[in-house]
**Q** 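Dropping a structure here in structure tokens format, bear with me for questions.
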Amino acid sequence: ISFNAIDSALSSLKNCQSYINSGMDVATQVALDLVESFNDEEDVNNMEKVMLEYATMDRELNHYIKAFEETINQVKQEKPENLPDLENLAQEKFLEMESKNSDSDLQKNEKYMYFKDQLKEMKKQYHGNDTIEQIDEDIAVTRSQMNFICPITQMTMKRPVRNKVCGHSYEEDAILEMIQTQKQKKKKVRCPKMGCSHVDVKGSDLVPDEALKRVIDSQNKQ
């Protein structure tokens, strides 16, 4: 039996995943644009619905790919005379996976979690003072500008990344260099933010802090 056609089809499905990922990236940027330009909350909520739709498609596609891969592996181990109906077998596996779906799966989608995280940060940066008692404007500005300073370089960040574990941000190059240096010494990296108790900063825990970058860029233009 030739599996070339099946491998080709699986490859096409995996390409579809990259389109879904790109769509989620665009939806995240649009939502941040909406918050930055103080658009209606309903517009932002609509972008969240779009993200959940993408997350649903991503989950379905993952199940479909997994069902086919499991089917192919199963068939490769069986003798030709016992060859089952590939399509039916894959469909059964797919439906079994889909039957275990829950809404919490979608909330755990990595791109959706990033979307929620960045949206929260963006709202905090742009609407934070609405909820706090009116404090001296100079103090408010100074406090927000302190968040722009990298705890490693002590300079305003240009490409901030945020640690998913402790929530602190650093200049991307600076934290990656620190991780690499300590790795060569076989040591862990403690979060450089003063007072933080997180003692094992990993590169895989870092995500671009798009919300903070936008605020810094906006401040620099003024």
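These values consider heavy atoms only, across backbone and side chains, with no hydrogens, waters or symmetry-generated copies.
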**Q** Do we see a donor-acceptor contact under 3.5 Å between the side chains of Arg214 and Gln219?
**A**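 Per modelled atom types, Arg214 and Gln219 side chains form no pair under 3.5 Å.
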
**Q** Working to the nearest 0.5 angstrom, can you tell me the gap between Lys188 NZ and Lys186 NZ?
**A**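 Here the interatomic distance stands at 14.5 Å.
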
**Q** Any side-chain heavy atom of Asp40 within less than 4.5 Å of one from Asp43?
**A**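 Yes, at least one pair of side-chain atoms sits under 4.5 Å.
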
**Q** Give the minimum heavy-atom separation between Ala90 and Thr71, together with the two atoms involved.
**A**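 Heavy atoms of Ala90 and Thr71 come nearest at CA-OG1, 3.3 Å.
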
**Q** Is there a side-chain contact between Leu13 and Ile65 (heavy atoms, below 4.5 Å)?
**A**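 Yes - at least one pair of side-chain heavy atoms lies under 4.5 Å apart.
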
**Q** Verify salt bridge (Lys or Arg N to Asp or Glu O under 4.0 Å) between Lys164 and Glu121, making sure each step is shown before the conclusion.
**A** CA-CA 12 Å; Lys164 291 188 285 186; Glu121 288 302 307; over 6 Å; no

**Q** Do you reckon Met51 sits in the same ILVMFWY cluster as Val26, going by side-chain contacts under 4.5 Å, direct or chained?
**A**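 Yes, same cluster.
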
**Q** Are the side chains of Pro160 and Tyr170 in contact, using a 4.5 Å heavy-atom criterion?
**A**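 Not in contact.
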
**Q** What heavy-atom pair brings Met122 and Glu36 nearest, and what distance separates the two atoms?
**A**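 Taking Met122 first and Glu36 second, the nearest heavy atoms are CE-CB, 3.7 Å.
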
**Q** Show the nearest heavy-atom pair for residues Ile20 and Tyr54, with the distance to one decimal.
**A**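 Where Ile20 meets Tyr54 most closely, the heavy atoms are CG2-O, 3.8 Å.
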
**Q** Which is it for Asn163 and His198 under the side-chain contact (heavy atoms from CB on, under 4.5 Å) test, yes or no, and what are the steps along the way?
**A** CA-CA 10 Å; Asn163 191 325; His198 183 45; 3.6 Å; yes

**Q** Could you tell me whether the side chains of Lys116 and Gln107 share a donor-acceptor contact shorter than 3.5 Å?
**A**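 There is no such pair (donor and acceptor under 3.5 Å, judged by atom type) between the side chains of Lys116 and Gln107.
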
**Q** Ignoring hydrogens and geometry beyond distance, is a side-chain donor-acceptor pair present between Glu60 and Asn101 at under 3.5 Å?
**A**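 There is no such pair between these side chains.
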
**Q** Does a side-chain heavy-atom distance below 4.5 Å link Glu210 with Gln29?
**A**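 In short, these two side chains touch, coming nearer than 4.5 Å.
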
**Q** For Leu61 and Cys16, which heavy atoms make the closest approach, and how far apart are they?
**A**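 Looks like CD2-CB, 3.7 Å.
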
**Q** In sequence, state the C-alpha distance, the side-chain angles, and the governing distance for Lys213 and Asp217, and then conclude on salt bridge (Lys or Arg N to Asp or Glu O under 4.0 Å).
**A** CA-CA 6 Å; Lys213 184 179 187 305; Asp217 290 347; 2.9 Å; yes

**Q** Same cluster for Leu89 and Phe94 if Ile/Leu/Val/Met/Phe/Trp/Tyr side chains link at under 4.5 Å?
**A**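 Unlinked, Leu89 and Phe94 end up in two clusters.
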
**Q** Answer yes if Leu34 and Tyr114 sit in the same cluster of Ile, Leu, Val, Met, Phe, Trp and Tyr residues linked by side chain heavy atoms under 4.5 Å apart, and no otherwise.
**A**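 No, it is not one cluster - the side chains of Leu34 and Tyr114 are not joined through contacts under 4.5 Å.
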
**Q** Give me the atom names and distance for the closest heavy-atom approach of Cys166 to Cys196.
**A**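 Here Cys166 and Cys196 meet closest at CB-SG, 3.7 Å.
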
**Q** Grouping I, L, V, M, F, W and Y whenever their side-chain heavy atoms are under 4.5 Å apart, do Met113 and Val207 come out in a common cluster?
**A**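 No; tracing contacts between hydrophobic side chains, which count when under 4.5 Å, never links both residues.
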
**Q** Here's a test for you: under side chain to side chain contact (heavy atoms under 4.5 Å, CB included), which of Asn109, Asp25, Thr28 qualifies with Phe115?
**A**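 It is Thr28; the other options fail the test.
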
**Q** How many angstroms lie between atom NZ of Lys108 and atom CZ of Arg59, to the nearest 0.5 angstrom?
**A**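 Between Lys108 NZ and Arg59 CZ, I get 11.0 Å after rounding to 0.5 Å.
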
**Q** Kindly say whether Asp58 contributes a backbone atom to a donor-acceptor pair with the side chain of Asn62 at under 3.5 angstrom?
**A**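 At least one qualifying donor-acceptor pair exists.
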
**Q** Does atom OH (Tyr64) have a neighbourhood of more than 12 heavy atoms from anything else shown, all under 6.0 Å?
**A**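 Open: at most 12 neighbouring heavy atoms sit under 6.0 Å from OH of Tyr64.
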
**Q** Compare every heavy atom of Met47 with every heavy atom of Ala31, then report the nearest pair and how far apart it is.
**A**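 Reported closest heavy-atom pair: CB-CB, 4.0 Å.
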
**Q** So, taking the atom named SG in Cys150 and the one named NZ in Lys193, what distance separates them when rounded to the nearest 0.5 Å?
**A**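 Atom-to-atom, Cys150:SG and Lys193:NZ are 9.5 Å apart.
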
**Q** Just to verify, what does Glu110 make a salt bridge (Lys or Arg N to Asp or Glu O under 4.0 Å) with, not counting sequence neighbours?
**A**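 Expected list: none.
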
**Q** Could you tell me whether the side chain of Asp105 and the main chain of Ser102 form a donor-acceptor pair under 3.5 Å?
**A**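 Side chain of Asp105 to backbone of Ser102: a pair is present.
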
**Q** Is the count of non-hydrogen atoms from other residues, nucleotides or ligands lying under 6.0 Å from Glu42 atom CD greater than 12?
**A**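 Not buried by this count: 12 neighbours or fewer within 6.0 Å.
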
**Q** Is it true that, when you exclude Asp103 itself, more than 12 heavy atoms of the residues, nucleotides or ligands shown sit nearer than 6.0 Å to its CG?
**A**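 It does not: Asp103 CG has 12 such atoms or fewer within range.
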
**Q** Is the shortest side-chain heavy-atom distance between Met155 and Ile149 below 4.5 Å?
**A**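 Met155 vs Ile149: side chains apart.
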
**Q** Flag the pair Ile216 / Asn220 as yes when at least one side-chain heavy-atom distance between them is below 4.5 Å, and no otherwise.
**A**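 Yes, their side chains come closer than 4.5 Å.
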
**Q** Between Glu69 and Lys14 (salt bridge meaning N to carboxylate O under 4.0 Å), is one present in this structure?
**A**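 Judged by the 4.0 Å cut-off on N to carboxylate O distance, Glu69 and Lys14 do form a salt bridge.
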
**Q** Is it true that Glu53 and Lys49 make a salt bridge, defined as a side-chain N closer than 4.0 Å to a carboxylate O?
**A**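 No, Glu53 and Lys49 are not salt-bridged.
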
**Q** Roughly how far, to the nearest 0.5 Å, is CG of Leu212 from CD of Gln118?
**A**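 Going from CD on Gln118 over to CG on Leu212, the span is 8.5 Å.
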
**Q** Kindly indicate whether the side chain of Glu92, heavy atoms from C-beta on, has any atom under 4.5 Å from the side chain of Met97.
**A**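 Heavy-atom side-chain distance check fails, nothing below 4.5 Å.
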
**Q** For a quick test of your reading: what N or O donor-acceptor pairs under 3.5 Å do the side chains of residues 172-183 make, sequence neighbours left out?
**A**
from	atom 1	to	atom 2	distance (Å)
Glu172	OE1	Arg159	NE	3.4
Asp173	OD1	Arg159	NH2	3.2
Thr181	OG1	Glu177	O	2.8

**Q** Do Leu206 and Met157 share a hydrophobic cluster (ILVMFWY, side-chain heavy atoms under 4.5 Å, transitive)?
**A**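 Different hydrophobic clusters.
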
**Q** Return the set of residues passing salt bridge (Lys or Arg N to Asp or Glu O under 4.0 Å) with Lys202 (not counting sequence neighbours), or none when no residue passes.
**A**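 With neighbours one apart ignored, the set is Asp200.
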
